[in-house]
Amino acid sequence: MARVLKAAAAAVAVAVAAESAVGLSSRLKTPVPKVRTFSTSQSSLQVAGPVWNLGRLNHVAIAVPDLEKATAFYKNVLGAQVSETVPIPEHGVSVVFVNLGNTKMELLHPLGNDSPIAAFLQKNKAGGMHHICIEVDDINAAVMDLKEKKIRSLSEEAKIGAHGKPVIFLHPKDCGGVLVELEQA
């Protein structure tokens with residue numbers, strides 16, 4: 001009798017599992033329902049559009065304690081295309097760009113003891129992510145709009161960055177803990 005009950009229980013379990021699998025299979029094949037849209041009066045949605053637009057991720061910047069070693073790693077070990085080292089005295093850094101196809105990495109190394117990257121590396125001896133750079137279609141409008149919204153920047157106005165375009169850095173405390181560089185597209 002115990003064997004019969006065990007066999008019956010096993011048969012029920014197999015049937016439930018099969019039914020579940022069929023149910024899951026049919027749910028996976030079921031087309032996703034279309035989203036219905038609805039109309040509201042224009043007056044209730046009158047929100048001013050931005051005077052500037054956020055664009056693509058331009059680069060992720062990594063502070064490195066040894067620029068030659070980091071450059072050799074990306075070039076010789078990973079096979080990436082890397083730029084020549086470019087000193088940018090007005091920002092206190094030397095940079096190497098690593099081309100990743102859809103974006104770049106910017107390797108940062110201090111240029112002099114007053115470099116903000118020197119201070120970063122004092123706190124982070126092995127280096128690490130320093131900032132992200134996002135393109136904007138109108139840097140001046142972005143700067144003015146963000147000031148009105150009480151978003152702090154590290155300078156009063158945009159400066160020329162590593163790509164020869166105006167950039168501004170936004171305070172990490174106002175950007176979710178990340179230093180954000182905006183660059184004119």
Side-chain angles (χ1 to χ4, degrees), residues 35 37-67 70-71 74 80 82-185:
V35 176
T37 58
F38 62 102
S39 174
T40 61
S41 69
Q42 285 287 39
S43 62
S44 69
L45 294 177
Q46 289 295 338
V47 178
V51 293
W52 59 279
N53 294 299
L54 204 56
R56 72 179 189 93
L57 176 67
N58 183 283
H59 65 266
V60 174
I62 310 294
V64 298
D66 185 333
L67 189 57
T71 300
Y74 286 101
V82 299
S83 72
E84 296 296 320
T85 301
V86 178
I88 307 173
E90 51 279 6
H91 289 278
V93 295
S94 291
V95 300
V96 169
F97 283 98
V98 179
N99 187 345
L100 301 175
N102 61 346
T103 192
K104 296 179 282 298
M105 283 181 27
E106 179 183 44
L107 305 178
L108 299 169
H109 187 74
L111 187 62
N113 294 330
D114 295 335
S115 168
I117 299 306
F120 181 90
L121 288 171
Q122 284 297 318
K123 296 176 193 168
N124 305 279
K125 301 287 186 205
M129 190 180 105
H130 185 261
H131 69 269
I132 62 169
C133 177
I134 304 171
E135 295 177 359
V136 295
D137 66 347
D138 187 337
I139 190 82
N140 295 323
V143 168
M144 289 174 42
D145 183 50
L146 292 167
K147 280 183 185 179
E148 287 177 17
K149 293 176 178 171
K150 307 291 188 227
I151 303 299
R152 294 172 286 178
S153 61
L154 301 187
S155 62
E156 283 300 310
E157 56 188 41
K159 298 178 180 179
I160 300 301
H163 296 112
K165 298 177 179 182
V167 301
I168 194 154
F169 287 87
L170 305 179
H171 200 291
K173 289 184 179 177
D174 295 341
C175 302
V178 176
L179 179 61
V180 174
E181 176 185 18
L182 299 180
E183 178 181 276
Q184 176 67 48

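No experiment lies behind these values; they were computed from the predicted model shown.
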Flag, side chain of [X] to backbone of [Y], donor-acceptor distance under 3.5 Å:
{"X": "D138", "Y": "W52", "answer": "no"}
{"X": "S153", "Y": "F169", "answer": "no"}
{"X": "N58", "Y": "E135", "answer": "no"}
{"X": "K104", "Y": "A61", "answer": "no"}

Roughly how far apart are [X] [atom1] and [Y] [atom2], rounded to 0.5 Å?
{"X": "I62", "Y": "M129", "atom1": "CD1", "atom2": "CE", "result": "7.0 Å"}
{"X": "L57", "Y": "I134", "atom1": "CG", "atom2": "CD1", "result": "6.5 Å"}
{"X": "K150", "Y": "E148", "atom1": "NZ", "atom2": "CD", "result": "8.5 Å"}
{"X": "L182", "Y": "D137", "atom1": "CG", "atom2": "CG", "result": "11.0 Å"}
{"X": "L154", "Y": "H131", "atom1": "CG", "atom2": "NE2", "result": "10.5 Å"}

Item to complete: Just jot down the side chain to side chain contact (heavy atoms under 4.5 Å, CB included) partners of M144, sequence neighbours excluded, or say none.
Response: none
Heavy-atom pair of closest approach, residues [X] and [Y]:
{"X": "A126", "Y": "P65", "result": "O-CD, 3.6 Å"}
{"X": "A118", "Y": "G112", "result": "CB-O, 4.2 Å"}
{"X": "G128", "Y": "F120", "result": "O-CE2, 3.8 Å"}

Worksheet item: Run the side-chain contact (heavy atoms from CB on, under 4.5 Å) check on L108 and V64 step by step: do they pass?
Response: CA-CA 6 Å; L108 299 169; V64 298; over 6 Å; no
Discussion item. For the CD atom on E84, are there more than 12 heavy atoms of other groups (residues, nucleotides or ligands in this structure) within a distance under 6.0 Å?
Written reply: no
Item to complete: Determine whether more than 12 heavy atoms belonging to other residues, nucleotides or ligands lie under 6.0 Å from atom NZ of K147.
Response: yes
Practice prompt. Please step through side-chain contact (heavy atoms from CB on, under 4.5 Å) for the pair L170 and L179, ending with a clear verdict.
Written response: CA-CA 6 Å; L170 305 179; L179 179 61; over 6 Å; no
Worksheet item: Are a donor atom and an acceptor atom from the side chains of H163 and Q184 found within less than 3.5 Å of each other?
Response: no
Discussion item. Tell me whether E183 is salt-bridged to R56, with the criterion being a basic N under 4.0 Å from an acidic carboxylate O.
Written reply: no
Please examine the side chains of [Y] and [X], heavy atoms only from C-beta on, and report whether any two atoms are closer than 4.5 Å.
{"X": "E181", "Y": "H59", "value": "yes"}
{"X": "L111", "Y": "S94", "value": "yes"}
{"X": "L107", "Y": "F97", "value": "no"}
{"X": "V60", "Y": "E106", "value": "no"}
{"X": "R152", "Y": "K173", "value": "yes"}
{"X": "S155", "Y": "I168", "value": "yes"}
{"X": "V95", "Y": "I88", "value": "yes"}

Practice prompt. Under the side-chain contact (heavy atoms from CB on, under 4.5 Å) rule, what do V167 and I139 come out as? Steps first, then yes or no, please.
Written response: CA-CA 7 Å; V167 301; I139 190 82; 5.7 Å; no
Practice prompt. Would you list the pairs meeting side-chain hydrogen bond (donor to acceptor under 3.5 Å, both in side chains) in which at least one residue belongs to residues 108-127, sequence neighbours left out?
Written response: Q122-K125
